[in-house]
Structures are given as C-alpha cells and as structure tokens.
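Every chain is numbered from 1, with letters handed out A, B, ... down the list of sequences.
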Amino acid sequence: MDFETLLSYEWGVMMPEFIILGVAIALSLIDLFMPENRSRRLLGLFAFVGVAVSFVSLLGLWTSDVTSILGDTFRLDSFAKSFKALLLIGSALVLLLALHYEPKERIAYRGEFYYLFLTALLGAMMMTSSGDLITLFVGLELLSISSYILVAIRKKHTLANEAALKYVITGSIATAITLFGMSYIFGFTGSTNIKEITGQLASTYDENHQYILSLAFLLTFVGLSFKLAAAPFHMWAPDVYQGATTPVVSFLSVVSKTAGFVIVLRVIVSVFAQTPSGSSASMLMTLAPYIAFLAGATMIIGNTIALRQRNVKRMLAYSSVAHAGYVLVAFASLSMFMFEAIWFYLLAYLFMTIGAFAILQVVSQHQDDEDVSIFAGLYRRSPLMAVAMTIFLLSLAGIPGTAGFIGKMNIFLGAFVVEPAHYVLATIMVITTVVSYVYYFGIFVQMFFRPVEHTHRLEWPSGVIAVVVICVIGTVLLGVFPNIAYDFLAPFEHFSDFLQ
Amino acid sequence: MQPYFLSLLIFSPLLGILVLSLLSKEQEKAIKWLGVLATLPSLCLSLFAFWQYQNGYDISKLTEKRSWIRFGEFPFLKETDFTVAYELHVDGFALVMIVLTTILATLAAIASTSIQKEWKGYFQLFLLLEIGMLGVFAASNLVLFFIFFELTLIPMFFLIGKWGYFEKEKAAYSYLIYNGLGSAVLLIVIAVLFARTGTSNIAELRYILTNPAVQTISPISDDLRYGLLVALLVAFGVKLPIVPLHRWMLRVHVQAPPSVVMLHAGVLLKIGAFGLVRFAFGLFPGQFQQFSTWLIVFGIVNLLYGAFLALRQTDFKMVLAYSSVSHMGIVLIGLGSLNEAGIQGAIFQAVSHGFIAAFLFFFVGVMYERTRTTTLARLGGLAKTMPYVSGFVLAGAMASLGLPGTSGFISEFMAFVGAFQAEPWLAAIGTLGIIMTAVYLLRAVLGMTFGQTTVSNVYDLRGIEWVPAISLLLLIVIIGVYPNVLAMPIQTTIETMMNGLGG
C-alpha cells in the first residue's frame, strides 16, 4: 500500500471515530498535565461534547452511499450508521450521569474514567463498521479491556475488585472461545475478510464441511453471548453490576450490549446467511433453532432469577439478561423485520434502562446497600421522579403506551410472520414477560405503598434531571409515535446493503 | 365535531387528570368534586350519542381513522400491510357498553367520597382507568384494543394495592398476575393475526377469516384457528371469569375499595363478555360453533359453583363475589346457545349485572363506612337502624335473583329461552342455579335486614349518596320494564353475529 492509495481513501467516513479517538487522546494528555487537586468534571464535559460532535458528524454521513475503505476492513453501510447512532446516544447519556456521580467513597481516578470510557466506545464503533474479522476482534478487545478497567475503577472497594476479576476471567474465556470459532472459519477460507469468506463459503458446498462449520458457528456465537449477557455467559452480570459504579453499569448494560449485538449480527449473519446447507436455504436457517434455544433459556433464567433478588442492581442485571433474550428472539426468527426490530428494541432499551439507572444512582447514592427498600416511599420524597421511574419500569415490563411495548410487538410480528412460526419461543417470551411484572411491580410497591424509610433529602443534579427527562420523552414518544424512530431508518431500505 | 367525537368522549377524563395535578394534595373537598366533575363530560357525550342513536342517527358516521404506526415498508407488500391506524368505531353494542361505563364511572366517583387518603392520586388513577375502559369498547383494531385493555391493568393494580382493605397488596398482585397472563395470551393471538394477515382491523380480519378465498401473507390453517379461538376463550375467560380462572376476582371483590369494585364488577368483567362476543365469536364463528356446547357446560359450572359457594359465605362481599361468578355463567350459557334469544340474553345479562353489581357494591361501601364491617353476622337488624339502606339492598337482591320487572329477570329469561332451544337438558340443570340464587341472596339479605340488631348509632343514607342509589335502581327497573331501550341498539350486532353463523 503506497502513499497514493492511502490518500485516495475517503477518510471522511471515519470522521465519528476520529473525533472520539482525538478526544480520548486529548483527555489523557490533559489529565496528565492537570494539577491533581483540580476537579476532573471539566474532562467529563469535554468528553460529552466530543461524543455529541461525533454524533453530529455521523448524521452528516447519514445518507451517504455504502463506502468501504482500507481494503474492505472498514465499511460504512446502513447497519453501521444506525447502530453507531445507538452507541453514541447511549454513551452521551451515560456520560451525563457520570458527571454527577458522587459515591460515598471518593473516586480518585476520574480522568482515567473518561478516556477509558471513550476508548471503549471507540472499540464498539469500530465493530459496527468492521469488514474484517481482525478489525472486528480488535474492536471487541478494545471495548472489553477498557470496560474491565472501568469496572475496577473503585479500586479500594471489595465488591468492585471481585466484580472486575470475575469480569476479566469470564471475559477472557469467552473471547478465547470466539477466537477458536473464528479460527475454523479462517481455516476453511484462508481469509479474514468477511466479504471473501462469504464468497468462498457460498460457492462451495460439501456435506462434510457442514459439521465443522456448525461447530464454528456455535463456538463463535456462544463466545459472543458474553457481551450480550445472554446464556450461557450471563453469570458475570449480577456480580459485575453489583460491584461496578452506576454509570459503568449503565454503560455495560446499554452500550456494551448493543455492541455485542452488532458483532453477533456482523459475524453470524454475514458469514452464515449465504452459506448453502443441506436441509434448508442457508446454514443460518439450519442453525437458527440453537439461537432460539439460547434465547429461550436466557429469557427464562433472567426473569425467574430476578424474582429472588433484593438488590436492585442485581435485579436489573437479571432483567438485562432477560432483555438480551427478547432481542435474540428477533434474531432467531430471521424474519424480514429482524434488523428493524433489533434496532428499535435496543433504542427503546437504551432510554428505559439509562433512565432507570439515573434514578437508581441518585436514590442509592448515600446508602450502604442497594436493597430494594431504598425506593420505599419515593413517591413522597420526590413524586415526579417516582412517576418517571414508573414509566421506565412499565416500559421494561412492556406495557402498552411505552417504547418497550412497540419493541416487543415488532419482535412478535417477526416471530409469527415466518413459516413455520415460532410459537413456543414467543410463548416463552410472553410468559416470562408476565413473570417480570412481579419484580418490576415490586419496586412500585416500594415507591408508592411503603412509608418513607430514609428521610435525608434527595438531591437531583442537573445532569441527572436532564438524563431522566430525555429518557422519559424517549420512552413515551417512541411508545406513542414509534414511527419517529422508524422514519430514521427509511433511507436504509431495510438494511439491504448489509450483505453487499 | 363528528370526526373527533369519539376521541373526545374517550379522552375527556384526561382533562380532569391534568387539572387535578395542579391542585394541592390537601384540598380534599375540591379534589373530590373535581373527580366527580371530570367524569361528567364523557357521561354527557355518551348519553347524547345514545339518545341520537335511539332517534335514528347513523353512528357509523362517528368512525375515526388516522394513520399511526407502520412496521416496515417492503416493496413486495401492500401499502396498508403492517400498519396500525388510530381508528375508533362504535356500533350499538359498543355504545351500550360505553354508556354503562360512563354512568358507572360517574356514580363510582360519587361513591369515592368515602376514600380516606391521598384523594389526588386516587382520582387520577380512577380517571385513567375510565379512559382505558372507554377505549376498549371503541377501538376498532386489535392493537389499539390491546393498548386500552392494558391501560386498565395498571391503574387497577394501584387502586387495589393502595386504597384497598387489609390484604390489598396480595389482591393487587393476584389481579396483576392473572390478568397479565390473560393479556399475554391475548397479545399472542393479536400478534399472530396481525403478522399473518398484515392487518389488525377487526372488520377486515373478520372478512379475511371468514372468506377462505382471501390470500393472507402467511397461511392460517384450521388448527391454528382452533388454537387461536381457545387462546381467546382463555384470555377473556380470565377477565369474565370462567370458573377455574376466577380466584383473582374474589380477592379483588373483597379487598378493593367498594367504589373501585363498582367499576370492576360493573365494567371490567364485562370486557370479558364483550371480547368473547366481538373476537371469539366475531372472528371465528365457524370454530366457535364447535365449542358452543362446552360453553354452556362451563356456564352451568360457573352458575352452580358460584351459587353453591355463595350460600356458605359469612361475608356479604364474598356472597356478592360468588354471585358475580354465578351470574357470569349466564352470559356463557346465553352465548353458547348460538341463537338470537341466547345472545340477546347474554348481552342483557352483561349490562344488567353491571348495574346490579355496582348498585349492591355501592351499598357495601355505604354499610362499611358506617359499621366498619361486612360480616353478615354483625350486620343484623339493618331494617331498624338504616331502613333506607336495607330497603335498597333488598331491592338490589331482588333484581339480582331475577324478579320480574327488573333487568335481572329479562336477561336470565332470554338466556334460558335460548338455552332451552339449543340444549334443553343442560338448560334444565342450569335452572337449578336460579333457585340457588334466590336462596343465597335471600339468606344473606334477610340476615342483614332483620335478625338481631348489632350495630347502633349509625345514620341512614344521606346527601349525595342518594344519587347513585336512586339512579341505579331506576336504570335497573327501566331495563326490566321497557327492555327495548337495550334490545333495539344491540339488534344489529346480534344480526351480524347470526349472519356470521350462516343463517
């Protein structure tokens, strides 16, 4: 590759990534030279502005054609654009929360928090655009390693240390499994470029290869389920959620999970959707029952174990496991609604989850534990926030009028429109949703029916209020007028360029 | 005003919710007055529409339709596929149910004056509940129906759990889980129909499902139809309730505040009947016919089970709760008869029981406020201490057991006429239930009115309490004496249903 070709690339399509990268580097330098006793909040604001500018530059690219640079390793297609938007919106909201996070024990490494946060985001964004297994993997590791440190940032906190260690160990195992799966794919095709892999696999069909390819599929998928917090790699979620700080938890449960779905779709759909199979149209369709099985298991595990949690963060951890299961239903159905359903659900999930964590952050700030009773009498202490929390929980429970309902409806449509329809899977989803009412409504009981337990005044910093307001608007508006979001996807024509 | 009339009717309580949120928590009087006032606009609008309809106005002109949600635009599909419109529509049956709802909402709001705490939140939820109930009857597509259907779930959970009696939270949870499962099953049916046909409009679905020639996006096999019908029967069977699914409803009847039970027994249970008529019967008439005998059997089980258990209750609220179970059996018997008289009886029973149950529960509230008990043994001698109250309760019981001249008589009579035509033997067993009804109601009411005086220093009916008492009694008698007031509006609905059966 000479200098000429390097210059001929349309570097503009990487603008959002460059901005994040630049801000992350700048932040690390500023943090280095800043006097130690100065507040790091300014860095946080800078990071927030960086994310916002990056989002604007993404919108500038919104209607551009599919572009592929750097030898097909980086591609900007409609899939990349729409999911990058989710990552950036989620990160901006989480940064607003982090600005006002004041836990009991001070956090010494605030500067580090902000630039590690941005590198994690950068990793996630690279994954959305990767056209090559190597860049995909680098993005994944960038995200993972940054988030391991983010979890451990309260380094004097016992639970945080436990959480970080568990996260690193399970994470590494999962990565190893993924890599092992990918190595089969590489071994078969001799290439790491997704386009080439797809072409190679599509043109050759050998019955003996099917088993090994299936093995590759399962290993890759199971390994990636770690990022989704889906079965079988969901066990880290409750411990890590409990140990990590609230902004980090909301990052893990929204941005990192979205990134997990991004890589699953990128690898699994592009590699296996066009690979011929003996019994049905493609290998992906033959193997979809395995995804369906994992989706069902994830929903059941998440929702039933959440019933027994008293700690709110652990409860929300299992709830996030369950939501990963719902999204996997959309994936397992492989219907024409798949991409839209997943995107919309993740958008709805973003608003309702970050909103709930924002309120949890303030309510739990001066408490020793996060027992569900910290919500006792919230309606009397801050009625508006109790109502906002109600909206988020109703949306998480999928009650009509909220974004969560439309998201679930879209997933159902996908599950039922295909032939044969996924009746069992959809039934599991519906029943476990009703099970989830029990624990979500348990918080209502605390907020509205129980007398006040902790009388100290709750302080609502401006950033948290902003997050709550944005999330309430997002949750309700998408629930009542979902086409606002769907219209954003209109120029993409159902992600038809995904496999081009 | 025509294009907005129904929206205005449904959402007018919203105004009350907004104004209430501006008031301070402490202004008890103002809040209570406002709560009642806020139910009046929809009451007036619905009565106006009903009156116009009686005078020959074509209510299909009130139909509203605006485009709303669109799931995916695919070049290979029609423009309208996978869209959900915001569309409202009423026919005679729906209008009757709406009038029932608005009347009971206003009267229950008046009865809510006995609520002791946090009036503001109470009335806001109460009005939200009213919006949900009105929307259910006016929605003309399944998705919209479901949204309103679930909208009733949330306020009810809070109304029971916060303002109820001793075991209120348990009752609220049991309400939530049973009804949540019921709605879950309903949601599956709705999603399947929507996904496979691309539309959720009820009229279009009826056309598609009853014309085998129509091509759907995905095939709908006969087995699937049976499955969907059974699912619908379960979903609305929870709401109605049909016997093995009834336990939640007993708890709610006993634990919820009486004013809420007025709406619950009066309207919410009727959504079950409405759903059975509209969707189970309306969408799958052919399959429904196969199930008709089973429906009658279930109806008789409901009728007898409710009646026998009502006989041995010691609490007046429990007597009424089982009586509701028993009376809903008559709705099932009527529907299962599959003839004009039977269906008419079922709809009559739904409306009539709505008024009677609300009437009796209103007096449960009145009595509890004064005596702090609803145990039969401790309510003796009411005829001496509260002569008017005990008189009204006796009248309510008479209507409930089907005394000629009251609405209860007409509906039971019609339902059984239908049943005798369809399944004479089963109907004969069913009549046992009617005798039982007389026995348990008279036992309970006579025990309270006469018998040993146990309470003293209580005042009789007073002030605004006369309004619900008199108006409900009048309605019960009017329907009993002049049933055409109800029979005429529902006539077209019944004819459409009979056409669906093919003759």
Q) Is any side-chain heavy atom of M156(B) closer than 4.5 Å to a side-chain heavy atom of H264(B)? A) yes

Hydrogens and angles aside, do [X] and [Y] bring a side-chain donor and acceptor to less than 3.5 Å of each other?
| X | Y | answer |
| --- | --- | --- |
| N179(B) | Y437(A) | no |
| N201(B) | T199(B) | no |
| S112(B) | Y122(B) | yes |

Q) With chain B, which of I431(A), D487(A), V438(A), T433(A) has the greatest number of heavy-atom pairs at distances under 4.5 Å? A) V438(A)

Q.
Tell me which of these, F481(A), F344(A), F444(A), has more heavy-atom pairs under 4.5 Å with chain B than the rest.
A. F444(A)

Where does [X] contact chain B at under 4.5 Å (heavy atoms): side chain, backbone, both or neither?
| X | result |
| --- | --- |
| N410(A) | both |
| Y379(A) | side chain |
| S335(A) | neither |
| L394(A) | side chain |
| V435(A) | neither |
| F448(A) | both |

Just by distance, do the side chain of [X] and the backbone of [Y] share a donor-acceptor pair under 3.5 Å?
| X | Y | result |
| --- | --- | --- |
| Q446(A) | F375(A) | no |
| R196(B) | V418(A) | yes |
| K120(B) | K25(B) | no |
| W68(B) | V480(A) | yes |

Given a strict heavy-atom distance threshold of 4.5 Å, which part of [X] is in contact with chain A: side chain, backbone, both, or neither?
| X | answer |
| --- | --- |
| L151(B) | neither |
| Y173(B) | side chain |
| F157(B) | both |
| F146(B) | both |
| F82(B) | side chain |

**Q.** Contact winner vs chain A - L153(B), I154(B), V143(B), I190(B), heavy-atom pairs under 4.5 Å
**A.** I154(B)

Q.
Within 45 degrees of the ring normal and closer than 6.0 Å to the centroid, is that where the cationic atom of K239(B) sits relative to F149(B)?
A. yes

